[in-house]
Amino acid sequence: MTDAAQPQNNELPQDENHIIAERRAKLGKWRESGTAYPNDFKRENTAGKLLEVYGEKDGETLEATPVEVKVAGRVMLKRIMGKASFISLQDLSGRIQVYVAKDAVGEDTYTDFKHWDIGDIVGVTGTLFRTKTNELTVKASEVKLLSKCLRPLPEKFHGLTDIEQRYRQRYLDLITNEDSRFTFLARSRMIQSIRNYMVHAGFLEVETPMMHPIPGGASAKPFVTHHNALDMEMFLRIAPELYLKRLVVGGFEKVFEVNRNFRNEGVSPRHNPEFTMMEFYEAYADYRTLMDFTEGLLRHAARDALGTEVFEYQGRVLDLSKPFHRLTIVQAVMKHCPEYTEAQLTDAAWLRHKLREMKADPRGDMGLGALQLMFFEETAEAQLWEPTFIIDYPVEVSPLARKSDSDPEITERFELFIVGREIANGFSELNDPEDQAERFLAQAKAKDAGDEEAMFYDADYIRALEYGLPPTGGCGIGIDRLVMLLTDSPAIRDVILFPHMRKD
RNA sequence: GGGUCGGUAGCUCAGUCGGUAGAGCAGCGGACUUUUAAUCCGUUGGUCGAGAGUUCGAAUCUCUCCCGACCCA
């Protein structure tokens with residue numbers, strides 16, 4: 001590591017306290033007595049599986065035909081008594097109680113065991129039985145300390161509630177809070193479900209560059225980095241779109257990619273600088289077929305992650321099983337804000353005036369479509385609780401989408417809103433290279449005029465289109481926001497394992 | 001960037017009018033062979049986010065800064 005930009009982080013831990021000192025002393029004794037941190041205990045059972053298989057067996061049955069088990073996990077609770085004790089062991093699958101009696105494990109081991117701490121990782125060999133209160137429990141014949149926990153765990157009853165610490169030390173959150181474990185397990189199941197659905201539908205999973213010489217595929221500020229050997233500026237990708245469409249040009253007719261995008265923006269309950277998108281492209285599809293496909297995909301993901309398509313989000317029912325609504329921008333405003341008339345909503349001057357009243361600050365060069373969209377965002381968007389496709393976006397805000405054959409001012413594009421949030425964005429792709437070149441030029445002009453989020457002119461992408469992109473539909477789905485819905489999480493940080501934080 | 005709220009023991013939280021810093025859990029010592037947020041007795045532990053100011057005296061009042069949450073842009 002000779003890089004000058006290497007962060008200096010050689011500080012010794014400064015937060016030792018008497019509890020840690022005590023545990024460190026125990027570790028010292030452990031080292032003296034033999035092999036600390038052994039790796040010869042072979043677990044054969046998990047808590048969840050034992051409870052599943054033997055949860056219904058009564059005490060006599062377990063006694064008549066003893067079940068030998070080997071479990072391992074973290075000590076979460078301990079109830080030490082004179083000559084016999086109980087601990088609760090936690091592994092990924094759940095918790096199981098262990099009964100440790102001096103007579104069974106031997107006096108020396110029992111004396112050591114009494115000084116083990118909550119948080120220690122322990123291996124237990126024994127047989128199953130039922131206690132007086134009928135709890136399935138492992139009666140230990142051997143207990144072995146596998147890994148010492150030097151730092152005290154959060155309080156056993158309340159767990160870790162400090163939201164900042166839960167984000168900064170996610171491992172502690174995961175040890176302590178079952179809700180958090182559920183959220184990330186559900187996230188994993190959901191992504192797996194989406195992959196299965198896509199592969200089953202004949203899509204090919206691909207990986208396109210994360211570092212782009214020209215950032216493209218979305219309107220956003222990129223992170224900039226530098227490639228030393230090539231001595232060139234590079235941008236972390238804001239979207240994979242232009243690369244995926246190059247693959248469709250190349251004959252990969254159905255492709256998808258699940259990966260991170262990076263946008264150089266602030267953090268908020270709904271924004272993290274890096275976030276996960278699933279984008280897919282299908283040759284000979286259009287935005288209408290993609291809407292049908294997306295509906296099916298979301299239902300499938302919900303069923304796999306939660307077991308149901310009907311669930312609650314923040315106290316309100318969300319039903320993905322019903323057909324999703326499809327409305328134009330103007331229709332959506334009129335449906336959710338009936339105080340506005342169609343005459344007003346098709347009057348650019350009226351919209352401009354009203355938006356200024358709302359302190360929305362429309363730019364001078366905005367056309368009717370862009371004004372309508374901005375007005376929609378100010379009024380109706382947040383009210384789209386039920387899944388709703390908003391369709392037919394204006395050309396001026398859709399530089400990569402195909403124009404409608406019936407109205408050259410609009411594109412064949414949709415965005416999907418659920419609980420008032422944008423979840424997906426898709427369109428019939430613009431495959432006319434000359435039209436695309438003009439749109440890029442318009443974007444480049446906007447960039448010159450100061451719009452930092454406007455797109456760059458990507459000459460290689462135009463060249464690719466000149467070889468012929470078949471008529472194609474494409475769509476991007478915000479994975480984090482979808483996980484928020486399925487796990488009833490109010491903030492995107494709750495569904496990202498290690499969200500971005502300032503240095504503390 | 002602006003506004004509101006918060007940061008006290010390892011964790012969860014109290015802290016009155018400005019007057020020596022508190023509890024529960026965890027830890028340590030003791031009792032206890034069917035407990036389960038075990039119980040009982042005793043006990044250790046604090047840069048009150050950081051710094052400055054006001055004051056005889058600041059966790060408490062004022063200012064600046066740091067970190068976080070929410071709302072707004």
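Proteins get letters first, then strands, A, B, ... in listed order; numbering begins at 1 in each.
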Enquirer: With no hydrogens and no angle check, is any side-chain donor or acceptor of A/Thr61 less than 3.5 Å from a backbone partner on A/Lys57?
Expert: no
Enquirer: Mind checking the C1' distance from B/U47 to B/C66? Whole angstroms is fine.
Expert: 15 Å
Enquirer: Remember a base hit wins even if backbone is also touched, and classify A/Thr131 as base, sugar-phosphate or nothing at under 4.0 Å, heavy atoms.
Expert: base
Enquirer: Suppose you measure atom C1' in B/A9 against the same atom in B/C5; what distance do you get, rounded to whole Å?
Expert: 24 Å
Enquirer: So, under a plain 3.5 Å distance rule, would you say the side chain of A/Gln97 forms a donor-acceptor pair with the base of B/U35?
Expert: yes
Enquirer: Over all strands shown, is A/Phe129 touching base, sugar-phosphate only, or nothing at heavy-atom distances under 4.0 angstrom?
Expert: base
Enquirer: Aromatic contact between A/Phe417 and A/Phe376, with the criterion being ring centroids under 6.0 Å apart: yes or no?
Expert: yes
Enquirer: Looking at A/Tyr99 and B/U33, is any side-chain donor or acceptor paired with a base atom of the opposite kind under 3.5 Å?
Expert: yes
Enquirer: From NZ of A/Lys78 over to P of B/G27, roughly how many Å is that when rounded to an integer?
Expert: 5 Å
Enquirer: Is there any protein nitrogen or oxygen under 3.5 Å from a nitrogen or oxygen in nucleotides 42-46 of chain B, and what are the pairs?
Expert:
from, atom 1, to, atom 2, distance (Å)
B/U44, O2, A/His18, NE2, 3.1
B/G45, O2', A/His18, ND1, 3.3

Enquirer: Expressed as a whole number of Å, how far does the C1' atom of B/G7 sit from that of B/A31?
Expert: 40 Å
Enquirer: To the nearest angstrom, how far is A/Arg166 atom CZ from B/C11 atom C1'?
Expert: 14 Å
Enquirer: Relative to the 5' end of RNA chain B, which residue comes earlier, A/Arg270 or A/Ala101, by the nucleotide with the nearest heavy atom?
Expert: A/Ala101
Enquirer: Does a salt bridge link A/Lys26 with A/Asp117, judged by any charged N lying under 4.0 Å from a carboxylate O?
Expert: yes
Enquirer: I'd like the C1' distance from B/G68 over to B/A50, given in whole Å.
Expert: 15 Å
